[in-house]
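In the text below, chain A, chain B and the rest are named by the order of the sequence lines, each starting its count at 1. All values below come from the heavy atoms of this structure, side chains included, with hydrogens, waters and symmetry mates left out.
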Amino acid sequence: AEPQAEVLHWWTSGGEAKSVAVLQEEFASNGGTWTDMPVAGGGGDAAMTALRARVLAGNAPTAVQLKGPAIQEWYEEGVLADISSVAEAEGWADVLPASIAGHMQCDGTWCAAPVNVHRIDWIWANADVLAANGIEMPTTWDEFNAAAVKLMDAGVIPLAHGGQSWQDATVFEAVVLGLGGPEFYQKALVELDPEALTSDTMVQVFDQMRTLRGYVDENFSGRDWNLATAMVMNGEAAFQIMGDWAKGEFLAAGKKPGEDFLCASTPGDGYLYNVDSFAMFEVEGDDNRAGQELLAKLIVAPKFQEVFNLNKGSIPARTDVSLDAFDICAKISAEDMGSTSAGGSLLPSYAHGMALRGSQAGAITDVVTAHFNSDMSSADAVQQLADAVANSY
Amino acid sequence: MTDLSMPQTQTRSQSATGKIALRWLLYVLLGLFALYYLMPLFVMLTTSLKSLEEIRTGSLISLPREVSFDAWKTAWSGACTGIQCEGLRPYFWNSVLIAVPAVFLSTLIGALNGYVVAQWRFKGANIIFSLMLFGCFIPFQVVLLPMARLLGMMGIAGTIPGLIFVHVIYGLGFTTLFFRNYYVTIPAELTKAARVDGAGFLRIFWSIFLPLSLPIIVVTVIWQFTQIWNDFLFGVSFSQAGTQPVTVALNNIVNSTTGVKEYNVDMAAAIIAGLPTLLVYVVAGKYFIRGLTAGSVKG
Amino acid sequence: MSEWLENHLPKVVLAPSFIAVLIFVYGFIGWTAWVSLTRSKLLPKYEIHGFIQYERLFDSPRWDTAINNLYIFGALFIVIAMVLGLLLAILLDQKIRVEGVIRTIYLYPMALSMIVTGTAWKWILNPGLGIESMVQGWGFPNFEFDWLVNPDYAIYTIVIAAIWQSSGFVMALFLAGLRSVDGEIIKAAQVDGIPTWRIYTAIIIPSMAPIFLSAFIVLAHLAIKSFDLVIALTGGGPGYATDLPATYMYAMAFSRGDIGQAASSAMIMMLVVFAIVVPYLYSELRAKND
Amino acid sequence: MAPILDINNLYKNYGATEVLKDINISIEPGDFLVLVGPSGCGKSTLLNCIAGLEEITGGTLSIGGKDMTHVSPKDRDIAMVFQSYALYPTMSVAKNITFGMKVRGVDQATQNAKLKDVASLLQIEPLLNRRPSQLSGGQRQRVAMGRALVRDPKLFLFDEPLSNLDAKLRVEMRTEIKKLHQTLDASIVYVTHDQIEAMTLATKIVVLKGGIVQQIGSPAEIYNNPANLFVADFMGSPAMNLIPAQASKTGPGTQIAIARESGETLVLNDARDLSLPEDVILGLRPEDIAEAGFRAGDGVQQAACMVDMVEPAGADTYVVSELGGKQVTARLHAETSAQAGQMLNLAFDMSKVSYFAKETGERLN
Amino acid sequence: MAPILDINNLYKNYGATEVLKDINISIEPGDFLVLVGPSGCGKSTLLNCIAGLEEITGGTLSIGGKDMTHVSPKDRDIAMVFQSYALYPTMSVAKNITFGMKVRGVDQATQNAKLKDVASLLQIEPLLNRRPSQLSGGQRQRVAMGRALVRDPKLFLFDEPLSNLDAKLRVEMRTEIKKLHQTLDASIVYVTHDQIEAMTLATKIVVLKGGIVQQIGSPAEIYNNPANLFVADFMGSPAMNLIPAQASKTGPGTQIAIARESGETLVLNDARDLSLPEDVILGLRPEDIAEAGFRAGDGVQQAACMVDMVEPAGADTYVVSELGGKQVTARLHAETSAQAGQMLNLAFDMSKVSYFAKETGERLN
Ligand SMILES: Nc1ncnc2c1ncn2[C@@H]1O[C@H](COP(=O)(O)OP(=O)(O)OP(=O)(O)O)[C@@H](O)[C@H]1O
Ligand SMILES: Nc1ncnc2c1ncn2[C@@H]1O[C@H](COP(=O)(O)OP(=O)(O)OP(=O)(O)O)[C@@H](O)[C@H]1O
Ligand SMILES: [Mg+2]
Ligand SMILES: [Mg+2]
């Protein structure tokens, strides 16, 4: 059979597209025919819309960029294909961290192939600004607050932020992890334990969010994340809390990590990951099935993992790839991944759809963003959070 | 038609100055509105002609210091959507293949429907019309999933005929509305005269009503073309690789949340994607009013 | 047979459209109603679970905001766009020399999708980039125009952009209407000594009732479906302050995988539309009949 | 021969408004039926029903012996001129006229020939390329006529086809229509409010009032023997004088007494043997009252009357005098010397008198 | 007193079509000017120009002594009835009539009173709540009249306001308009193609042809002394007989010889002292040719003529005979015994004869 694949994804921009092209070339050199079906926008919403329509029409694409619990959700609808044969042949279980491997499995079979690991709880800073104001990279939220006040006095915007709900959620989960610790995070945002959700810690989290709101400039609403990154880059703002794709912006502007900009995990312990992956859909025809298998194999293969992640700013999902070519931030990330994986604090990001199913994650985000963009009290926010989660099933 | 401001040169005395002042006010008002309408286009156009550097540093409203068409070239044939870097060009053709037949069909059917509802009333025609009108309000998000299912069953999922079909179905409410409201103003005696002359249903439509319909055809075509050309939701849901319309490509170019945002390319792409509709407006708009001014409705 | 066809041709011509509407509109509404009673998540399921989705919907503060926004936005948008469209049409009807150019300028926004112009509007309305900073730059440092980022006012920026986009088309519709009024009647009114503005208000405008119907339907349609607009301009933010039922439903159906919830919101949305549009349609079509 | 048009018990309502009530009309091939009646009595509606353009509420209708109650207009083989012209606005005058032929598949040469004929007949040759909106009222009406005249249908329907034409053209057109009727032996239903048109064209006149047929008859019947006060009053211009009077039998004849304001009763004798109630309305046309000396004959009776008003009208002079509390008009020669305020001897042609019942208005003789 | 309407050298073109050429008309307050002329001669256009609804191409126009050439219609203080009615389609009949008053701020009571008056005058009381689309042609026309009649303007303009009414109503309306004119002393410009309307209403008639004024004068002048062949032919119904003849002087009078197909020349003597060229066209109205014995007087001359056709028309009977190669019509009494094919003695009233130049058509006497 001649391997064929129609690939639905939303990696359309510069670095991503280049890395997908790598995959496509490899696919072609292995005798496959690649049909590209990119749908950008809304963090994959548009692609998901298209996916649903196509599945219902009985016309599903062969491979789709999917991640987190959504993979299991689709599996439950009975439309995913089983790629265990590839996974077993390639020994994925040995090279992937256990928590990440868990995301790729449905009812014990392999149904998706991981591409990368993004770390979410990063804090980025402008080195010159920090130096000029005599500030170290903060390691606790109190330190961060103190630094922010200092920066405000100096006329610098402490926190660059874009007012989109997923960005609010990104900051929020970093604060939850930082203030509550990995266990609290697990309880609150993964298990959705009502006690944790209504705990005092959660009130403190919202208090901190309110404080952070004060460190953000007035025009943040609707701002794209990369514009916020640019603010850090050109010294308008000091910090940004954002996943490691922000690094791509710095690098693209010719900035050097450690010199021009600094990267560190957000205050507190733990590691929040976002794993991109491809799920294979049930399709007709040997050609297509062959395509799926080939694709799965290539995606997890070291070569692609390296090339792709160099371009994307993330780190490989498999642990056996050499990090020599990667920058310092990536190295930190990989190292932390190893350590937290062992310590049980390698946690899925809720803001990026790794921890929860869509409706629960969305319910939380609604409250977070409503709180951040109004003068809602923390107590109210906590109450609403519990209600919203309860209402989301 | 009659022009209300006809011989108003008034005896050059009392109200002459008042009239001139009024006239000035009128033009100032029209000019202000023109500014309001032009502002976004101005911003888009100037941005598309600036370099990225200038966009980052300069003011939004300022004219480009140095005009460059690179962004346009990139948008048309170089920008990457996914792994292909062919710009908007290949998708453009898809859009044409979808929009032209869909506009034609929905306009034609709408004209026939409007003609029936306005001039050949039968019992229940008004109820049917109301039902069709209400169809205008159904949110398209609602129909996505069942429609996908039906398209799959009909075997035209992901194809251009499938997209044409969807656009025609959901355009019917409007096209019927437009034609019906136009045709009710045409005196019933015209149909009567033609019937006595021996013309049948279709003949009357073809020979009497269609020639009268230029303005409303233009309105309908403008509306339908805009709706269909600019449609994203159906385009993204009911297409597959190879049948995606230009809006999906534009979306891919504009909505890339990672990497450096090339605003000038985005803007250029946006303008290019909008050019056909703009063109339709500029060209058709002329006929639209002209058809009406000919005032041919009156016998 | 051909005799029969002859006599029933009008019905035969209308039939396919009617059937299509029955299936693709009312059938789908029925489908949605059904799904809204289920616990469908990622894909539709057909097992009835009662009104749970509606309970969830009414418990959701976000939905409250969305519905309120629909009222505010819908009312302001339809009224202002109609009034403005009519006003512009009347102004343009005064034998303007460059009418063609001005008309095109007013009309073109409809040609561009909001997805496209949204970015431009976002810049223009952004306090730090657009009008506010421009006016401040002209030496009015106290000038404030921060609606876009103010949760209480953000919905009005949507109104501004929506009016920008559609009022030109409404103007064109009205201009068409103004000019199709029988000239003799206007002459009669002039001779009757009716001042120009009264000719408009008492004679021309009332005789344009079908045009108002068209304009209303077009605007209501746009109001209910202004999905692109919100996404492009505010993305529903700040927070979810500018959420509309359409964006709510989309979010539920496609980003959250909560199709049951989306279906229930769609049903409520259609009920709202029904409550507003049906009486209007009824009175409009009634008037035509007698 | 079967009647070309046969209307039985036709009813027509617009919603709750009854516009036509129990109409029964039947015309033979070659008949020229003129519909007259006051404005709004339902003439146009009746034409529309005959043409099949309005669904009828009750009754049946057949054309050429075939039941047409539910047949569509184009299969009724009729031609019609509309009161509101109903010209096709986007077509030139020439195309307006030839459209029907084109639809019926008449060949181009015939079309052109017919167009030429009709255009010259209607004097619209110079207008053939104009649009209807560029025509004057009368010109539009002529084009509308042209559209019907190029056809050769079973039945022509004309709705006031000459109302916007000047007298001269109208007379010419009238003659042409008459010719058309005679040479083609066409059957025609014609609405007019022009008395002369009605009189000169009709072979049969139908008088309608409020949707009810008042009288059907030949022009002479209608004019000379109106069936009731309405018809008497309606037909003829100036109208028939309708004078309240007292009738009493005298020998074979009848004596008629008419009260006068001046007090002196006017007594006239009708030689005919009639049986009349006491209170009657006497109907006499202005032309049957002449200046004494200009009219002689068996039934003519003279009486001196006071002239209240003199109204010269070109060819004639009308003289008005009070009789039975009514203004009675007499038609005198243009060169009469009669003057207001003067007593004048008038000659009443009693053989022409119609009598009507005072209560019901029905004709008595 | 200044003329109420003064038109000087008015020209009007539609593109290249000259519709009105060098019109000069002036009317005094209280005048009743009737415009007549063939269809398409520019009557409606002239009214439109007076009302200010059409920009004039050349010349000036003043109303009530003020130059109005460029004044907008609403400031001209005129009321107008349109040939096409032009009712406000969305308003009820009552509102159509009162709307102008309402705009001018007339108080409600007056509005109601005027509406009532006018509605009863026009017999439209039962229609007051209808929409124009629910009216018959004649009913619409009456509403259009009503709209003008409730006003009290400097000048009324009526464009064929009675053309769709039945004869009876028309006569009544005519009388009402006459009354209106007399009691209000209103100034009126009136277009009609009804000869009787023109004759009975006008104080002044303007005959137009192809946009050129042919004659202006009182009804009697126009009727009795038409300025040229066109006017002679156009005014009067049936038209004036226009017979080519040979004139020759005999003593103080004139001898007129008319060729006949039968060969025998008809010779008539006109007693008047006229100087005529040899070839003339003789004009004599049908009513000036009577049956011998019914007409006597100074200028009356008798001659036997062959009756070609007899046309009864209610009140009269027309008899047609060939004279000078023309069909000559004579108006006889209704009860004439004349029959086609028979020789009949006709009386020609030579004192009424008009003479026209054969070439130019201008009047000679
Ligand atoms: N818009 C136009 N363009 C060109 N010619 C026109 C236009 N309107 C009118 N005419 C011509 O001008 C002439 C005068 O028209 P007008 O309406 O004044 O005639 P009228 O005397 O009122 O005739 P009628 O008695 O038939 O109403 C006609 O020959 C007509 O065809
Ligand atoms: N659509 C309608 N709805 C209600 N009444 C109507 C409608 N159309 C006509 N009528 C009424 O029906 C009656 C008959 O109308 P029709 O047009 O037949 O009169 P007509 O005899 O032709 O009068 P005219 O001589 O004035 O043309 C009128 O009283 C009219 O008002
Ligand atoms: Mg009628
Ligand atoms: Mg006219």
Checklist entry - Which of these, E/Asn24, E/Thr60, E/Leu46, sits in a side chain to side chain contact (heavy atoms under 4.5 Å, CB included) with E/Ile7? => result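 It is E/Leu46, the one option of E/Asn24, E/Thr60, E/Leu46 that forms the side chain to side chain contact (heavy atoms under 4.5 Å, CB included) with E/Ile7.
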Item to check | With E/Tyr85, the side chain to side chain contact (heavy atoms under 4.5 Å, CB included) member among E/Asn164, E/Asp159, E/Leu135 | outcome: E/Asn164
Which atoms of [X] are under 4.5 Å from chain C, going by heavy atoms: the side chain, the backbone, both sets, or neither?
X        : result
E/Asp77  : neither
E/Leu87  : backbone
E/Lys95  : neither
E/Met101 : neither

Checklist entry - Taking atom types as modelled and ignoring hydrogens, do the side chains of E/Asp31 and E/Thr203 form a donor-acceptor contact shorter than 3.5 angstrom? => result yes
Next on the checklist: Would you say NZ of E/Lys66 has more than 12 non-hydrogen atoms from neighbouring residues, nucleotides or ligands within 6.0 angstrom?
Outcome noted: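 Incorrect, the count does not exceed 12.
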